[in-house]
Amino acid sequence: MRRNLVIGNWKMHGDIQRNQLLLEKIVDGLRELNHADYVVCVPNIYIFQARALLENTNIAWGGQNVNQFEEGAFTGAIAPHMLTDLGCTYVILGHSERRNLFFETNLTAAARFDAAIRAGLTPVFCVGETLEEHEAGLTEVIVASQMDAVMATLSDADFAKAMAVNMVFAYEPVWAIGTGKTATPQQAQSVHQFIRHRIARRNPDAAAKVRIIYGGSVKAHNAADLFAMPDVDGGLIGGASLLADEFIAICQAANSVASSTCLMELT
Ligand code: 13P
């Protein structure tokens, strides 16, 4: 049984005052939701603040990217141990905005994945096709190439390490990000199933355990239907993670889908 996971990706939003209000409301709203896992990935400069407000709650915090090197002359970069130093447990990697706006490649993303698991961080590795690729019927080809960039570079020992830190995959169709156009639950399910099969080729046990979350215009009104799909294990939330009520409602959907599955398994 996989627990649902909801991750808020704040992207480049926030300031000290707004963060505090948002985090206080979220802490309050999620306090009783014990059937899923919750994370917020804030801009690096606010990780200190997130730690202060989220310590001893059921919400974890993480980074939105990390460099593959441990230290050195890399102006503006953050090393994996810096994230763990501040209590981060998760890091988003290979986000389409990093790929498209900052020219990060599959190779960079794979190197960062490796560096993250070595530091004990849980990587949330994003894959997804653009609108043109989608319309050309290339979704599975693109997703496979992005996944293989990671899978092919992992030795068996590193694969085991990735499982030990509970690696996560996020399917984020680029055409659904920030556009208000969500993949239908069936579209998401089909790609998530494809991702799980791809992992199964490497290790069937791992495939059954890995959480694959969906991102792209997830809102309070569509979250429950997405999370009800058998291979959709939660969501990676952009815009709606900045609105306390929306984010809490999405987390409630993840929490209740998870608990109803628990009940079904018990009966
Ligand atoms: P939106 O939820 O704003 O579409 O963003 C999704 C995303 O990119 C999360 O990483």
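These numbers come from the heavy atoms of this one structure, side chains and all, not from hydrogens, waters or symmetry mates. When a ligand or atom number is given, it counts from 1 through the structure's own listing order. Remember, it's a predicted structure, so these values are computed and weren't measured experimentally.
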* Structure fact -> Nearest non-hydrogen protein atom to atom 2 (O) of ligand 1, with distance, is G238 N, 2.9 Å
* Asked: Hey, any chance I45 and M12 share a hydrophobic cluster, counting ILVMFWY side chains that come within less than 4.5 Å of each other, even indirectly?
  -> no
* To do: Indicate, as side chain, backbone, both or neither, the part of A176 found under 4.0 angstrom from ligand 1 when only non-hydrogen atoms are considered.
  => backbone
* **Closest to atom 3 (O) of ligand 1 (judged by heavy-atom distance), picking from G239, G215, A170** => G239
* Asked: Does N222 use its side chain to pair, donor to acceptor, with the backbone of K219 at less than 3.5 Å?
  -> yes
* Asked: Hey, what's the ring geometry for Y214 with H192, parallel, tilted or perpendicular (30° and 60° as the breaks)?
  -> tilted
* Sidechain-backbone polar pair: S241 side chain, I237 backbone, donor-acceptor under 3.5 Å -> yes
* Asked: Taking only heavy atoms of L236, which atoms of ligand 1 are found under 4.0 Å from at least one of them?
  -> 9 (C), 10 (O)
* Structure fact -> Looking at E172, K181, E246, the heavy atom closest to atom 7 (C) of ligand 1 belongs to E172
* **Contacting atoms of ligand 1, where contact means under 4.0 angstrom from a heavy atom of H95** => 7 (C), 8 (O), 9 (C), 10 (O)
* salt_bridge(K161, D158) N-O dist < 4.0 Å -> yes
* Take every heavy atom of A240, measure it against each atom of ligand 1, and state whether any distance is under 4.0 Å. => no
* To do: Taking atom types as modelled, find out whether E132 and W175 have a side-chain donor-acceptor pair closer than 3.5 angstrom.
  => no
* Asked: When only distance counts, is K219 in polar contact with ligand 1, meaning an N/O pair under 3.5 Å?
  -> no
* Does a donor on one side chain and an acceptor on the other come within less than 3.5 Å for H95 and Q64? -> no
* Asked: Has the side chain of N67 got a donor or acceptor atom that lies under 3.5 Å from a matching backbone atom of A79?
  -> no
* To do: Output all residues satisfying salt bridge (Lys or Arg N to Asp or Glu O under 4.0 Å) with K209, sequence neighbours left out; order by chain, then residue number.
  => none
* Quick one: does ligand 1 sit under 4.0 Å from the side chain of I177, the backbone, both or neither, non-hydrogen atoms only? -> both
* **T179-ligand 1 polar pair, N/O distance under 3.5 Å** => no
* Distance-only N or O hit between ligand 1 and G178, under 3.5 Å -> yes
* Which one of S217, S241, S96 has a non-hydrogen atom at the shortest distance from atom 1 (P) of ligand 1? -> S217
* What atoms of ligand 1 come closer than 4.0 angstrom to any heavy atom of N9? -> 9 (C), 10 (O)
* Relative to the heavy atoms of G216, which atoms of ligand 1 are at a distance of less than 4.0 Å? -> 4 (O), 6 (C)
